[in-house]
2 protein chains.
Amino acid sequence: MIGVVAVLKVQPDKTADFEKIFLDLQNRVKANEPGCLVYQLTRSRTEAGTYKVLELYASQDALKHHGGTDYFKAAGAAMGPLMADRPEIEYLDAVE
Amino acid sequence: MIGVVAVLKVQPDKTADFEKIFLDLQNRVKANEPGCLVYQLTRSRTEAGTYKVLELYASQDALKHHGGTDYFKAAGAAMGPLMADRPEIEYLDAVE
């Protein structure tokens, strides 16, 4: 398994738009990707506009598939103008 | 739901002992805590001895229960001497 923590920084006045787009993406991921075991948007309690996505994938192939889907690419394009900074993505190896 | 990312820094020559203790804890959490939805130990790909635990709880009560179990306290005591630094625990609010 592979873990991902994605840090997303959103412009403070764009958070409602961002959450709507991301939750639609999250629903599509959960409906279409059996190899994506966890995909959950969370909101920082201390930094306004900062979100962390907690993700777990069954395999490297499942992670690669995720990033290549049309709905992921479309959501990325839609969220781009709402962001305050570039995403920070950390990949982690599950200990099993 | 509540998310947690726990950063645990382990002495480099103690990682095998740490992983054994933590995986035993992880198994107990999964077997005994229906309110803990995700509890996965992961290893940093870039910082030797650094681990991140990705966690999701159904509620604040479930998170509180987790920290109060005998097996959590026992694992914490057993891991203490293996650590290189204090744990950093971030609490996050799931966006739903």
Side-chain angles (χ1 to χ4, degrees), chain A residues 1-10 12 14-30 35-60 62-63 75 79 82-83 87-96, chain B residues 1-10 12 14-30 35-60 62-63 75 79 82-83 87-96:
Chain A
M1 281 196 297
I2 297 170
V4 176
V5 178
V7 182
L8 305 177
K9 296 185 179 178
V10 180
K14 304 290 190 192
T15 55
D17 291 347
F18 165 80
E19 291 185 8
K20 186 178 175 189
I21 294 169
F22 199 98
L23 290 180
D24 180 68
L25 168 62
Q26 183 169 296
N27 288 336
R28 289 172 192 264
V29 170
K30 289 181 177 179
C36 179
L37 309 175
V38 174
Y39 199 75
Q40 182 60 54
L41 180 65
T42 70
R43 191 190 291 117
S44 170
R45 292 183 175 182
T46 56
E47 295 174 76
T50 294
Y51 295 82
K52 295 195 179 185
V53 190
L54 309 189
E55 308 172 35
L56 275 176
Y57 296 87
S59 66
Q60 184 69 35
L63 174 58
M79 291 187 288
L82 311 177
M83 308 308 285
E88 298 166 24
I89 316 290
E90 180 172 14
Y91 299 98
L92 301 145
D93 292 314
V95 181
E96 297 176 273
Chain B
M1 280 195 298
I2 297 169
V4 176
V5 177
V7 182
L8 305 177
K9 296 185 179 178
V10 180
K14 304 290 191 191
T15 55
D17 291 347
F18 166 80
E19 290 186 9
K20 185 177 175 189
I21 294 168
F22 200 98
L23 290 180
D24 180 68
L25 168 63
Q26 184 170 293
N27 288 335
R28 290 172 192 263
V29 169
K30 289 182 178 178
C36 179
L37 309 175
V38 174
Y39 198 76
Q40 182 60 54
L41 179 65
T42 70
R43 190 191 292 117
S44 170
R45 292 182 174 183
T46 56
E47 295 175 75
T50 293
Y51 295 83
K52 295 195 178 185
V53 190
L54 309 188
E55 308 173 35
L56 276 176
Y57 297 87
S59 65
Q60 185 69 36
L63 174 58
M79 291 187 289
L82 311 177
M83 307 308 285
E88 298 165 26
I89 316 290
E90 180 172 15
Y91 300 99
L92 301 146
D93 292 314
V95 181
E96 296 176 273

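Each chain gets a letter, A, B and so on, in the order the sequences are listed, and its residues count up from 1.
- Residues A/Arg45 and B/Ile2 have side chains in contact (heavy-atom distance under 4.5 Å, counting atoms from C-beta outward).
- Here the side chains of B/Leu56 and A/Val38 are in contact, with some heavy-atom distance below 4.5 Å.
- Few gaps surround CZ on A/Arg43; more than 12 heavy atoms of other groups in view lie less than 6.0 Å from it.
- Looking at A/Glu55, only its backbone comes within 4.5 Å of chain B, counting heavy atoms on both sides.
- Scanning both residues, A/Val4 and B/Leu54, for their nearest heavy atoms gives O-CD1, 4.2 Å.
- The candidate with the highest count of non-hydrogen atom pairs below 4.5 Å against chain B, out of A/Glu19, A/Met1, A/Lys52, is A/Lys52.
- Looking at A/Tyr51 and B/Val95, their side chains come closer than 4.5 Å, going by heavy atoms from C-beta outward.
- Counting non-hydrogen atoms of neighbouring residues, nucleotides and ligands closer than 6.0 angstrom, the NZ atom of B/Lys30 exceeds 12 such neighbours.
- In this structure, chain A has a heavy atom under 4.5 Å from the side chain of B/Leu23, while its backbone stays farther away.
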